[in-house]
Amino acid sequence: MLKQIHQDKLREILLNRYDHIGVTSLIYKLRFYTKRLTWNLVIRSAYLLKRLLDIIASGIIILLLSPLFLTIAALIYIESPGAVLFKQTRVGRWGTLFTMWKFRSMYMDAEERKKQLMKDNEMSGGVLFKMKHDPRITKIGRFIRKVSIDELPQLWNVFKGDMSLVGPRPPVPAEVDQYSLADRRRLEVIPGITCVWQVSGRSDIPFPQQVELDVKYIESQSLWTDIKILFQTIPAVLMGKGAY
C-alpha cells in the first residue's frame, strides 16, 4: 500500500516537473518569436520610410531641376560632342549589378586613357582612382564635378530603387574585386548619392577610412541620420572640399 502511494506521488512530481518544463519552454519560444517579429517590423518600417523619402524627394527634385538638366546637357555637348549622359555598371546591395547615370564630365575616350594614367593615381589605398588635375576632364566637367552637379542624374537611380539618397557610394566591379572581406561590408545596404565621408572631406579621405565611416553608418543608420547627412551635404557641396 505504501509502495503504491509512493509510486503515485513520484509520478505526480515527475508529471508536474515535465509540465513545468514544457510551459517554460513554450514561454521562451513565445518571447523569442515576439522579439523577432518586433525586430522585423522595426526593420521593415524603417526601410519603408527610407524608400518613401527616396521616391518623394527624388521625384520632386527631378521636376524642379529639369531646366538645369537641359542647360548642363547643352553645355556638355557644345564643349565635347557626344552623349551627355555617362552610364556605368556599379555594384549595389549584396553585389547586385545596376546601371548608374551621371552627366558626362570627361572626353569620350576617357576610359581608354585611364590605363595610361593609372601610375599617377593620387588616391591612397590603391582601390579607387583619383587625380586632382585629371587631363580627361572637360572644362564644364570640372565645374559640375566641383559642385556635384554631375551626380544629379542618379536621382533617377534613386527613384527606380537602385540607389538611395543616403548610403555608401556604389563601387565599380573592378574595385570590388580588390575588396577585402571587411571592405565588402559596404555592400550590405543600398548605395547612395551622398554618404558620411562625402560630407566629411570626400576624396581627401583615404579609402580605408571611407570604409570605416560607411560601416559605422550601416551599424547605426536611421531616418534621422539620413536627414542630417542630407542637410550636411548642402554646405559640403557649396564648399567643394575634396571634390575633383
Asks: Any side-chain donor paired with an acceptor under 3.5 Å for Gln209 and Glu212?
Replies: no
Asks: What residues form a side chain to side chain donor-acceptor pair (under 3.5 Å) with Thr96, not counting sequence neighbours?
Replies: none
Asks: For Lys160, check salt bridge (charged side-chain N to carboxylate O under 4.0 Å, His left out) against everything at least two apart and list the hits.
Replies: Asp162
Asks: Using a side-chain heavy atom cutoff under 4.5 Å and only I, L, V, M, F, W and Y, what cluster partners does Leu64 have?
Replies: Ile56, Ile60
Asks: Work out which heavy atom in Ser164 is nearest to a heavy atom in Lys50; give both atom names and the distance.
Replies: OG-CE, 3.2 Å
Asks: With distance as the sole test, does Lys146 use its side chain to make a donor-acceptor pair with the main-chain N or O of Gly141 at under 3.5 Å?
Replies: no
Asks: Would you say Leu75 ends up clustered with Phe86 if hydrophobic residues are merged whenever their side chains have heavy atoms under 4.5 Å apart, either directly or through other cluster members?
Replies: no
Asks: Would you compute the distance between atom CD1 of Ile144 and atom CD1 of Ile137 and round it to the nearest 0.5 angstrom?
Replies: 9.5 Å
Asks: Between atom CD of Gln198 and atom CD1 of Ile229, what is the distance when rounded to the nearest 0.5 Å?
Replies: 10.5 Å
Asks: Would Tyr47 and Ile190 count as a side-chain contact (heavy atoms from CB on, under 4.5 Å) if you check the C-alpha gap in whole Å, the side-chain angles of each, and the deciding distance to 0.1 Å?
Replies: CA-CA 10 Å; Tyr47 173 78; Ile190 296 174; 3.8 Å; yes
Asks: Let me confirm one number: the CE-OG1 distance from Met108 to Thr138, rounded to the nearest 0.5 Å.
Replies: 11.5 Å
Asks: In chain order, what residues pass the salt bridge (charged side-chain N to carboxylate O under 4.0 Å, His left out) check against Asp54, with sequence neighbours excluded?
Replies: none
Asks: Looking at Asp183, is its backbone amide N or carbonyl O close enough to the side chain of Ser180 to form a donor-acceptor pair, meaning the two atoms are under 3.5 Å apart?
Replies: yes
Asks: For Asp134, does its backbone N or O pair with a side-chain atom of Arg142 as donor and acceptor, under 3.5 Å?
Replies: yes
Asks: So which atom in Tyr179 and which in Pro171 form the shortest heavy-atom distance, rounded to 0.1 Å?
Replies: OH-CB, 3.3 Å
Asks: Might you point out which heavy atoms bring Leu85 and Pro153 nearest each other, and give the distance in Å?
Replies: CD2-CG, 3.8 Å
Asks: Which value, rounded to the nearest 0.5 Å, describes the distance between Cys195 atom SG and Asp226 atom CG?
Replies: 11.5 Å
Asks: How long is the span from the CG atom in Leu165 to the OG1 atom in Thr233, to the nearest 0.5 Å?
Replies: 9.5 Å
Asks: I'd like to check the side chain to side chain donor-acceptor pair (under 3.5 Å) partners of Ser66; sequence neighbours left out, ordered by chain and number.
Replies: none
Asks: Any sub-3.5 Å donor-acceptor pair from Arg169's side-chain atoms to Gly192's backbone N or O?
Replies: yes
Asks: Is Val84 linked to Leu68 within one hydrophobic cluster, defined over Ile, Leu, Val, Met, Phe, Trp and Tyr using a side-chain heavy-atom separation of less than 4.5 Å?
Replies: yes
Asks: With side-chain contact (heavy atoms from CB on, under 4.5 Å) as the criterion, how do Trp94 and Leu187 come out once you've worked through the C-alpha distance, each side chain's angles and the decisive distance to 0.1 Å?
Replies: CA-CA 5 Å; Trp94 297 331; Leu187 307 178; 5.9 Å; no
Asks: Can you pull the salt bridge (Lys or Arg N to Asp or Glu O under 4.0 Å) pairs that have at least one residue in residues 68-85, sequence neighbours excluded?
Replies: none
Asks: Is it the case that one hydrophobic cluster holds both Ile218 and Leu49, taking links as side-chain heavy atoms less than 4.5 Å apart, direct or via other members?
Replies: yes
Asks: Is it true that Trp197 and Asp214 share a donor-acceptor pair across their side chains at a distance under 3.5 Å?
Replies: yes
Asks: Decide yes or no on side-chain contact (heavy atoms from CB on, under 4.5 Å) for Phe143 and Ile149, but give the supporting numbers first.
Replies: CA-CA 8 Å; Phe143 169 73; Ile149 291 177; 4.2 Å; yes
Asks: Return the set of residues passing ring-ring contact (aromatic ring centres under 6.0 Å, His included) with Phe103 (not counting sequence neighbours), or none when no residue passes.
Replies: Phe69
Asks: What's the spacing between Met163 CE and Thr194 OG1 if we round to 0.5 Å?
Replies: 10.0 Å
Asks: Check salt bridge (charged side-chain N to carboxylate O under 4.0 Å, His left out) between Arg185 and all other residues, then give those that pass, not counting sequence neighbours.
Replies: Glu188, Glu219
Asks: Can you list the residues that meet the side chain to side chain donor-acceptor pair (under 3.5 Å) rule with Ser80, with sequence neighbours excluded?
Replies: Arg104
Asks: Any idea which heavy atoms bring Val211 and Ala182 closest together, and the distance?
Replies: CG1-O, 4.3 Å
Asks: Determine, stepwise, if the pair Val91 / Leu97 fulfils side-chain contact (heavy atoms from CB on, under 4.5 Å).
Replies: CA-CA 5 Å; Val91 182; Leu97 299 180; 3.8 Å; yes
Asks: With sequence neighbours left out, write down each residue that passes ring-ring contact (aromatic ring centres under 6.0 Å, His included) with Phe159, or none if nothing qualifies.
Replies: Trp156
Asks: Go through the structure and list residues passing ring-ring contact (aromatic ring centres under 6.0 Å, His included) with Tyr217, not counting sequence neighbours.
Replies: none
Asks: Same hydrophobic cluster for Leu63 and Val158, using side-chain heavy-atom links shorter than 4.5 Å among ILVMFWY?
Replies: no
Asks: Can you list the residues that meet the side chain to side chain donor-acceptor pair (under 3.5 Å) rule with Gln88, with sequence neighbours excluded?
Replies: Arg90
